[in-house]
Amino acid sequence: MTLAALTPDLVAHRPDTRTEWWRHAVIYQVYPRSFADASGDGIGDLPGVTARLDHLVELGVDAVWLSPFYRSPQADAGYDVADYRDVDPLFGTLADADALVARAHELGLRVIVDLVPNHTSDEHAWFQAALAAGPGSPERARYHFRDGKGEHGELPPNNWESIFGGPAWTRTTDPDGTPGQWYLHLFDSKQPDLDWDNPEVHAEFADVLRFWLDRGVDGFRVDVAHGMVKAPGLPDWDGHVAMIDGSDGSHAVDDVDGSGNHGPMFDQEGVHEIYRAWRRILDTYDGDRAMVTEAWVEPLSRLARYVRPDEAHQSFNFAFLAAGWHAPSLRRVITASYEANDAVGAPTTWVLSNHDVVRHASRMGLDDPTHRPNGIGHGDEQPDAGLGLQRARAASLLMLGLPGSAYVYQGEELGLPDHTALDDDLREDPAFFRTGGAERGRDGCRVPLPWEGDAPGLGFSPTGATWLPQPAEWADLAVDRQRGREGSTYELYRAALRLRRDENLGAGGLQWLDSPAREHVLAFRNGGVVVLANLDDVDVALPLDAEVLLASGPLADGVLPAATTAWLRLP
Ligand code: GLC
């Protein structure tokens with residue numbers, strides 16, 4: 001097969017002359033407990049992040065998003081917040097957070113922090129007060145407390161399931177030891193959902209926003225952004241709750257036109273009022289503060305409603321993540337993403353990995369690379385590591401060639417796979433426990449980073465301690481082993497990010513190029529660069545006059561091998 005005749009096809013997106021940083025930024029996700037540990041307890045912390053910010057400058061990203069570091073009992077690794085205005089002692093102090101932001105700004109990096117508004121921890125002062133105050137109290141009205149059904153209130157108020165498995169309701173015990181009311185939790189029982197019909201909740205979060213904006217953060221990543229408002233009366237629903245269809249291990253449905261997540265707990269009209277209010281707050285600050293929503297909403301046109309001009313600035317594009325490794329599906333998702341976001345004037349974002357999904361180097365090594373199990377463990381199908389890495393590098397180079405804003409999850413720049421053979425007794429993800437182990441959960445993508453191949457704990461911590469063990473093969477993937485090594489994944493990302501900046505690809509346009517190989521190869525032009533991604537297992541011949549700027553794997557004899565992406569200059 002040959003790419004000799006690349007012919008101009010559909011223009012899916014036009015260049016963007018607007019200059020706000022978030023329109024074109026590459027944003028690096030730091031998962032604080034696994035990035036770098038300064039204290040030596042085996043859990044990463046904020047001073048560890050600050051000490052390693054140079055790595056991100058060397059890599060060439062524009063901004064950092066930090067997963068939660070707030071005071072928390074860590075029932076869901078910090079997504080269960082007990083105090084939104086303080087740092088958990090595990091991660092440091094408020095002064096450490098200030099130092100991190102200051103150092104990042106000195107280095108020219110923006111900082112986005114996580115905001116978790118759908119639920120608090122059950123150890124939050126509000127929930128403790130609600131338990132103490134009893135039924136009908138204003139304290140309980142900040143959450144969803146209800147009497148149970150059945151003769152003695154012994155049945156949950158409705159049939160909703162928790163996304164982590166089991167019922168979405170837990171019954172409380174009254175001070176005299178008798179069973180009391182139930183409370184709603186879409187996630188773990190230690191994460192009670194707030195009632196966003198209550199104005200006090202709105203006021204509290206507006207204040208939390210200002211607290212962090214005043215400390216100088218450049219914006220927020222909003223957790224479960226489609227879940228805060230529930231349908232009136234909390235009606236029963238027989239659908240299946242997952243963050244998106246397929247995240248529970250079944251096959252991804254059609255995220256482009258699909259109609260997932262329309263249950264009474266997701267994507268209700270009222271959430272948009274919240275984003276409008278928050279946008280007004282952000283707009284009163286200088287410096288283009290931005291907000292990105294984690295909204296697992298389908299179809300893409302519905303997701304785009306979160307990024308209308310007076311709402312959030314960006315939304316994660318999980319349809320792209322879910323499209324797997326299949327040229328026609330990816331072409332369709334990419335085109336539909338621009339169509340939906342351009343219609344509201346918002347940038348399109350791209351993401352392949354994060355702290356909730358099996359890393360793309362492992363997903364793409366599965367027999368079916370669109371399969372997205374919630375974790376991989378002993379006894380499960382093990383990915384083909386070599387093929388997974390080759391495809392992951394090709395997918396990353398495809399992603400970084402796309403106009404818009406891209407998210408890089410810590411460690412993907414090293415080509416890290418998941419830990420796919422973690423002992424079940426080391427797992428911490430509540431999803432593992434609440435499903436009785438049927439889902440392995442997300443620990444495998446949260447293993448501490450390897451910095452130095454020869455150091456204990458691969459340089460993650462000064463004592464060698466790591467809260468989860470690192471696979472032995474990771475020594476060779478450590479930053480120091482890959483730095484300066486020709487062809488390493490780390491150097492591939494660096495080169496791609498440098499070229500992306502030099503060629504202004506983030507602000508560019510996308511014109512598809514057609515060829516006889518269109519079923520196997522994605523081809524498009526972004527400004528002066530032509531991106532070709534061969535997703536199949538056949539080699540294709542490159543155009544004769546192509547100058548190769550960068551490739552995700554070795555190219556020989558004018559051929560673009562299987563599972564390889566190349567950036568070319570064509571005359
Ligand atoms: C989001 C987070 C995930 C967390 C959940 C509940 O999906 O990314 O890690 O478990 O929300 O807060």
Side-chain angles (χ1 to χ4, degrees), residues 27 29-35 65-82 84 88 112-124 127 143 160-166 168 184-194 196 205 208 220-228 230 241-248 260-261 265-267 271 291-297 303 306 314-318 321-322 349 351-359 372 374-375 407 409-410 418 427-435 439-447:
I27 302 175
Q29 180 187 358
V30 166
Y31 193 66
R33 66 169 41 229
S34 301
F35 186 72
W65 148 37
L66 294 156
S67 278
F69 48 77
Y70 314 111
R71 205 173 263 278
S72 159
Q74 306 291 320
D76 184 21
Y79 281 96
D80 49 318
V81 180
Y84 292 86
D88 196 276
I112 289 177
V113 295
D114 224 300
L115 186 74
V116 189
N118 180 66
H119 43 263
T120 69
S121 161
D122 66 335
E123 297 182 31
H124 189 283
F127 193 75
Y143 296 89
W160 295 3
E161 293 166 14
S162 152
I163 289 159
F164 290 162
L184 175 70
H185 51 86
L186 289 185
F187 294 89
D188 192 65
S189 54
K190 286 184 68 63
Q191 294 166 294
D193 280 51
L194 287 162
W196 275 87
F205 276 87
V208 169
F220 301 92
R221 174 266 189 192
V222 183
D223 191 60
V224 202
H226 57 315
M228 282 116 88
K230 278 80 180 172
V241 285
M243 289 303 266
I244 198 168
D245 290 307
S247 63
D248 59 348
N261 282 345
M265 65 292 287
F266 288 135
D267 197 26
V271 289
M291 175 164 59
V292 53
T293 58
E294 186 218 17
W296 293 83
V297 169
L303 180 62
Y306 288 75
Q314 294 188 340
S315 209
F316 292 120
N317 188 351
F318 295 121
L321 184 155
T349 67
V351 60
L352 289 165
S353 282
N354 65 32
H355 65 293
D356 289 330
V357 299
V358 171
R359 287 176 175 276
R372 289 184 300 116
N374 185 4
Y407 280 81
Y409 176 47
Q410 65 176 39
D418 256 41
R427 294 190 184 276
E428 296 197 5
D429 184 355
F432 174 75
F433 299 101
R434 292 186 61 91
T435 60
E439 291 185 13
R440 303 289 178 157
R442 301 161 293 176
D443 296 298
C445 66
R446 300 174 173 181
V447 172

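Indexing begins at 1, ligand by ligand and atom by atom, following the structure's order. These figures come from a predicted structure and were not determined experimentally.
- Interface atoms of ligand 1 facing Phe164, defined by a heavy-atom separation under 4.0 Å, are 10 (O).
- Which parts of ligand 1 touch His355 is read off a 4.0 Å heavy-atom cut-off, strictly below it: atoms 2 (C), 3 (C), 8 (O), 9 (O).
- Numbered from 1 in the order shown, with element, the atoms of ligand 1 that lie under 4.0 Å from a heavy atom of Glu294 read 1 (C), 7 (O), 8 (O).
- With sequence neighbours left out, the side chain to side chain contact (heavy atoms under 4.5 Å, CB included) criterion links Phe432 to Asp424, Arg427.
- The aromatic rings of Phe316 and Tyr407 sit perpendicular to each other, their planes meeting at more than 60°, with 30° as the lower class boundary.
- Annotation for ligand 1: atoms under 4.0 Å from non-hydrogen atoms of Arg442 are 3 (C), 4 (C), 9 (O), 10 (O).
- Under a 4.0 Å N-O distance rule, the pair Arg434/Asp429 does not qualify as a salt bridge.
- Residues satisfying the salt bridge (charged side-chain N to carboxylate O under 4.0 Å, His left out) criterion with Asp80, sequence neighbours excluded, are absent altogether.
- Ranked by closest heavy atom to atom 12 (O) of ligand 1, the top entry among Asp223, Val357, Val224 is Asp223.
- Ring geometry for His355 against Trp65 counts as perpendicular: the plane angle is over 60°, on a 0 to 90° scale with 30° as the lower cut.
- A salt bridge between Lys190 and Glu123 is present, with a side-chain N of the basic residue lying under 4.0 Å from a carboxylate O of the acidic one.
- Near His119, with a cut-off below 4.0 Å to any heavy atom, the atoms of ligand 1 are 6 (C), 12 (O).
- Considering both main-chain and side-chain atoms, Trp296 never comes within under 3.5 Å of ligand 1 through any nitrogen or oxygen pair.
- The distance from ligand 1 to the heavy atoms of Arg446 drops below 4.0 Å at these ligand atoms: 9 (O).
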